[in-house]
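What follows is a single structure, written as structure tokens, with notes after it.
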Amino acid sequence: MARVVAQTKSAAVNPLKSSQPLGAVFAFLGIDGAIPLLHGSQGCTSFALALLVRHFNEAIPLQTTAMNEAAIIVGGADRLEEAILSLKARTRPRLIGICTTASVEARDEDFAGDVENIKRRRASELIGTEVVVANTPDFDGAIEEGWSKAVTAMIEAITRPDGQYRDPGKIAILPGCNLTVADIEHLRETAVGFGLDPVILPDVSGALDGSIPEEWMPTTYGGTKVEEIRDLGKAMQCIAIGEHMRQSAEALQRLTGVPYVLFRSLTGLENVDRFIRVLAAVSRKQTPLNVRRNRMQLQDAMLDGHSHMAGKKIAIASEPDQLFQFSNLFTAMGAEIAVAVTTTGTSKALEMVPANTVKVGDLRDLESLAATADLIATHSHGREAAKRLGVPLMRLGLPIFDRVGSQHKLTILYQGTRDVIFDLANIIQANHPPTPPCSCPNRQAGIANEINS
């Protein structure tokens, strides 16, 4: 069990974490016809928008209530109402996802109550649009918590309570924010291969996969439909991926009675085997031949990559669930987690990270501890630290802005695990060439004798 070391610095020198509002915005982007609305200053929105645009290289529909000092002091209910009605009139979204920020949370307003009053007074004007609020102050938590709170808020506000007919072929999948667009696409294809009808909440693969609509749209296009969220209670089984999705799965179970199973990771042979067994049990079908073939390919990849990774020291910095996901794979391949740095210390997944200690800190902490590492694994903001240390960098997480197509890289199930192993082995091989054969005369003579005998 890893020992979690709390943050001791009063400020981040080279920030590792992204804020809660960004995580909530990211989740709302996975809903079809949605507009995330940041309730706070314009600066908060500009930061989130710039980071998401750099990572995905896509247009991001994101709006703000543009709170100034005076509006924050007197209260933001009027500004929030004005923004909601303006968005409804101009863009006609199916969902407006409100994400609060530190500048308004510091005043401790009742945002949920304000939104309910707005929806009640303006019911006729808001027909056809769901309004959901997630309390996500910047000064608490990180991107995982923001994503989880947004998903939980959508379930609690939109999903019908229990008493619905259960569809035997329908499952609900709640992916964590550490999954890429390609991961979610692959997740759906795998479930469909078992004859199941998966509803993925949120589904960023529809909105952020690089597809371009025939005409410009002011809202998200693709993703989970509001009607699908409303009917989540018809699912026979819920599958949550990542410890930070436990809260959302529990909310769905409490509201509708749908049972859930939690996977802390879908990377690695053992984790994927368990996931495939669950799909087979729910669908009552045998594992498809292509999935079995992918498993054999992964086994071969593990044999091929083990010699490159065995004994290598890896320094990794990421969000808790992603830290758990990759560190377990690295150690399964024979590597050692020499340094582990994360953003917050509240996740239960941190205790199971295969390292002696997990430091809650920033990229400066990573740099100070990673001098003897063979490889650094973190997002693109760690590239300067890796350069100064002369250690190769494996990019993972959000943001990745100095490489193209990062959202289309697989990291889960048999294929994704195989691809991660190949990526890691190739980086190590390119930067740590194998030891040349011994040139000792006695050794060469021994080899000659063995050949001639």
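Bear in mind the structure is a predicted one, so any value in this text is a computation, not a measurement. What you see below is based on every heavy atom in this structure, not just the backbone, and it leaves out hydrogens, waters and symmetry mates.
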Strictly distance-based, threshold 3.5 Å: is any side-chain N or O of [X] a donor or acceptor partner for the main-chain N or O of [Y]?
| X | Y | answer |
| --- | --- | --- |
| His55 | Ile400 | yes |
| Ser205 | Val181 | no |
| Asp231 | Lys234 | no |
| Asp32 | Gly222 | yes |
| Thr129 | Pro93 | yes |
| Thr256 | Pro161 | no |
| Gln237 | Pro259 | yes |
| Asp321 | His244 | yes |
| Ser41 | Met67 | no |
| Trp147 | Gln20 | no |

Residues [X] and [Y] bridged, charged N to O under 4.0 Å:
| X | Y | value |
| --- | --- | --- |
| Glu243 | Arg246 | yes |
| Asp365 | Lys9 | yes |
| Arg395 | Asp402 | yes |

Exceeds 12 heavy-atom contacts within 6.0 angstrom, atom CZ of Arg284: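 Check fails, neighbour count at 12 or below.
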
Quick one: pull up [atom1] in [X] and [atom2] in [Y] and give me the separation to the nearest 0.5 Å.
| X | Y | atom1 | atom2 | value |
| --- | --- | --- | --- | --- |
| Ser406 | His379 | OG | NE2 | 12.5 Å |
| Glu228 | Ile31 | CD | CD1 | 9.0 Å |
| Ser265 | Arg274 | OG | CZ | 10.5 Å |
| Glu58 | Leu52 | CD | CG | 11.5 Å |
| Leu255 | Ile155 | CG | CD1 | 8.5 Å |
| Glu319 | Leu350 | CD | CG | 10.0 Å |

Distance only, no hydrogens: is a donor on one side chain within 3.5 Å (strictly under) of an acceptor on the other, for [X] and [Y]?
| X | Y | result |
| --- | --- | --- |
| Asn14 | Glu367 | no |
| Asp203 | Thr224 | no |
| Thr65 | His39 | yes |
| Asp273 | Tyr414 | yes |
| Asp183 | Thr180 | yes |
| Gln325 | Asn178 | yes |
| Glu145 | Thr136 | no |

Step-by-step salt bridge (charged side-chain N to carboxylate O under 4.0 Å, His left out) determination, Glu116 to Lys119: CA-CA 5 Å; Glu116 287 302 316; Lys119 289 164 68 175; 3.5 Å; yes

Mind listing the closest non-hydrogen atom pair of [X] and [Y] along with its distance?
| X | Y | result |
| --- | --- | --- |
| Ile143 | Leu22 | CD1-CD2, 4.2 Å |
| Ile184 | Pro175 | CD1-CG, 4.2 Å |
| Asp138 | Ala102 | OD1-N, 2.7 Å |
| Gly311 | Asp374 | O-OD2, 4.3 Å |

Residues Glu156, Arg254; criterion salt bridge (charged side-chain N to carboxylate O under 4.0 Å, His left out); working and verdict: CA-CA 10 Å; Glu156 292 177 341; Arg254 183 174 61 252; 3.2 Å; yes

Thr267/Val272 under side-chain contact (heavy atoms from CB on, under 4.5 Å): CA gap, chis, key distance, verdict: CA-CA 6 Å; Thr267 301; Val272 184; over 6 Å; no

Derivation and outcome, salt bridge (charged side-chain N to carboxylate O under 4.0 Å, His left out), residues Arg3 and Glu351: CA-CA 7 Å; Arg3 181 172 62 92; Glu351 299 176 355; over 6 Å; no

Leu269 vs Thr417, side-chain contact (heavy atoms from CB on, under 4.5 Å): CA-CA, chis, key distance, verdict: CA-CA 8 Å; Leu269 186 63; Thr417 305; over 6 Å; no

Plane angle bin for Phe330 and Phe326 - parallel if under 30°, tilted between 30 and 60°, otherwise perpendicular: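 The arrangement is tilted - the two ring planes meet at 30° to 60°.
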
side-chain contact (heavy atoms from CB on, under 4.5 Å) partner of Leu413, the single match among Asn271, Thr190, Leu298: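 Testing Leu413 for a side-chain contact (heavy atoms from CB on, under 4.5 Å) against Asn271, Thr190, Leu298 leaves exactly one candidate, Thr190.
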
Audit row: Val131, Ile84, side-chain contact (heavy atoms from CB on, under 4.5 Å) steps and yes/no: CA-CA 8 Å; Val131 182; Ile84 292 172; 4.0 Å; yes

Ring centre gap for Phe401 and His381 strictly below 6.0 Å: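 Under 6.0 Å, so yes.
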
Check: Phe26 ring centre within less than 6.0 Å of Phe56 ring centre: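 Yes: the rings meet the under 6.0 Å criterion.
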
